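Quick notes on the structure that follows.
Keep in mind that this is a model prediction, so the values were computed, not measured. Side-chain atoms are counted along with the backbone in the values below, which use heavy atoms only and exclude waters and symmetry mates. We name chains A, B, ... by the order of the sequence lines, and we start the count at 1 in each one.
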Amino acid sequence: MVTALTVPHGVDRYLGLFNPLWSVGEVRAAIVAVAHHTPDSVTLTLRPNANWQGARAGQYVRLAVEIDGVRRTRCFSVASSQHRADGLIEISAKVNPAGTVSGFLKRKALPGQIVVLSQAEGEFVLPDELPGHILLISGGSGITPVMSILRTLIDRRYPGRITFLHYAAGPEDVIYHEELTDLAAAHPRFTLAETYPRRHGRFGRDHLAATAPDYADALCYACGPASLLDAVGALWLAEGIGDRLLVERFATPAPVTGTGEAVGEIRFVRSGISAPCDGRTLLEQAEAAGLSPEYGCRMGICHTCTSVKSSGAIRNVLNGTVTAEPGERIQLCITAPCGDVELDM
Amino acid sequence: MATRARIPQLSPEQLDELGRELDAIRRELVADLGERDAAYIRRVVTLQQRFEFLGRALLWAGWFPPAWLAGTAALSISKILDNMEIGHNVMHGQYDWMGDPALNSKMFEWDTVCPSEQWRHTHNYVHHTFTNILGKDRDIGYGLLRMIDAQRWRPYYLGNPVYAFVLMVAFEWGVMLHDLEIDRIMSGRRKWSETRGLRRRMWQKGGKQAIKDYLLFPLLSGPGALATLTGNATANLVRNLWAFSIIFCGHFPDGVADFTEEECANETPGQWYYRQMLGSANIEGGKLFHLMTGNLSFQIEHHLFPDIPARRYQQIAPRIREICERYGLGYNTGPLGRQVGSVWKKIFRLALPPSRDRMPAGAARRTRLRALSGARGAEAA
């Protein structure tokens, strides 16, 4: 009935008039606190609306904010405990000097602002039955999902051992330094090793030997820069214990370099077709790959061919603008790929 | 290209230069889009919602004549804003850059019986790509009317003013049926069975709209059902009269040029801009008037840059006008009364068969050629 009365716009469009958090199905959240634990990070505490179904420890959300009128979406791991009593969630973002969203959150996020969230996603989660020893390895902002796992284990009064090996430039660069130190002091079964590569060297077997010599028996969660994850992965693989390692990689945005040369590959995700880029527009290349996307004017005015680009950088052939926003809607007839591109078609 | 007395001709070099100038304006506008444009369209959406609430609420007391009048007026304004400054412009992709699903061209549905998906085909693609090309742009007469001299006269067109009047009153239904191409079905060029999917979606969208306005809201009004029903019907009618008038002023006042398919074969970007400029007409007015027309009062600017937020047209209009003057192209504009009057004069005039002394030279020549060749659009360019 209510739906029939709000035809054709839907209920959400009217609910927003009363309260920006109200929505039938969309997860929206209000920022309730903004903290700056380190010079290059920002920690937000969010109150999601009733549509939020909760996150398991280690999962991430896609968070959308509007910057200069444009909605930008990025993935952030939830750092808070799965059992947090007040229902709030926390995310921490490391500020990337060239990053639109993290920089905006650092400078402009204020309590009261509304952001849009996805439901939680990701397989970097605890098993139903917990093993006796859990090893956490993280580097830089990779601390966020393992922090969530750690806080969740503490809230559950996990009876096993937790070893946490974290890599950072120095203690002042560890977002949760104080909390971690306090937790380590309060819980004898929790061992914390903050590691500073400039002093202690890069990750290696010697670091494990010093903090968790029985690492082969532990269930290990690792998150951080690619170099760290590659090193951890190689070691676990070499020891034949790869099935006891879970890794979370933050997808790094595609580098924006190309000028539309024929490099890289186009992946048409839904049809499962891939084709090497040949420098023509995405519409022409999709057609050449045997797809028949909807199109109209083929000159950029009618928007019939607008499609979702999941990832990659593209160039508008009319004005030369290059963009690399994940999930942006693009006009196939006037865009050419700059390297690898994924299209949702 | 055919030489026609009333259409100024430009050299290929001039056309290329025209294309470059307009491309530069486009780039400048695109680079400047941001916060203010986003805030503007959201303000208009909020305004529309408030008028809608106000209208529906007042019509609950619709048995009281002043409430009926005010409620119907508010609902009419809401529907006009929804269709023109919001629906028309959002569905052109003017706000796609914002990445907001609620303002995305492919996801937006508007408060009128025509499914937005079908309208995007007939309007964004067919009309905007082939503006004023006889035989290609189906907005020329909507398959019903004779709106340009080059359409061959038939006795059927004696009813031109009557058809136009009916189309104006039932405009939303006319827009809905547009994609069926009934004229082509009647003449056997399109099979009725081809339109099954179209008809199903029209039935669904039209049905939902009708149930809302003519059943649910009246029922919710209890004893005031009849007042709500008539209020809703009147609001839809007011929106129809307004939308028809504004839209017909966009391409049919005196002095607007039409083109043949031959003239437009292998068009360069400059020629495309040239056709959009000569094939459109503006209406003069104040800020509020422009808002209520969805800035379609800047039809020339809209046709040059259909996917640039419409609030920007006003800002570039003086520059477009200056460009038109510099190239000797007419910039067709006038007050609403004059443009509407000119459209209706044309509707009446074109009901009658052409007489040589009344017709512009080019049109007379083309009618003669068409009579000789006997086929629409077969004359040489």
Portion of [X] that has a non-hydrogen atom of chain A nearer than 4.5 angstrom:
X	answer
B:K106	side chain
B:V126	neither
B:D213	neither
B:I86	side chain
B:Q48	side chain
B:Y95	neither
B:D23	neither

Look up atom [atom1] in [X] and atom [atom2] in [Y], then write down how far apart they are to the nearest 0.5 Å.
X	Y	atom1	atom2	answer
B:D96	A:H303	CG	NE2	5.5 Å
A:T323	B:W97	OG1	CH2	14.0 Å
B:Y125	A:E294	OH	CD	11.5 Å
A:R71	B:N104	CZ	CG	10.5 Å
B:Q49	A:T6	CD	OG1	11.0 Å

Pick from [options]: which one has the most heavy-atom pairs with chain B under 4.5 Å?
options	result
A:Q331, A:R298, A:M299, A:E328	A:M299
A:L17, A:N319, A:T304	A:L17
A:V70, A:I67, A:T321	A:V70

Return the option, out of [options], with the maximum number of heavy-atom pairs under 4.5 Å with chain A.
options	answer
B:H123, B:E52, B:R26	B:E52
B:V30, B:I211, B:V45	B:V45
B:H127, B:R50, B:Q209	B:Q209

Chain A contact residues among residues 109-122 of chain B, heavy-atom distance under 4.5 Å: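 B:E109, B:W110, B:D111, listed by number.
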
Anything in residues 37-44 of chain B with a heavy-atom distance to chain A below 4.5 Å? Please list those residues in order.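 The residues closer than 4.5 Å to chain A, in numerical order, are B:A38, B:R42.
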
Any chance the rings of B:F108 and A:H9 have centres within less than 6.0 Å? yes

Relative to chain B, which segment of A:E66 carries a heavy atom at a distance below 4.5 Å: side chain, backbone, both, or neither? side chain

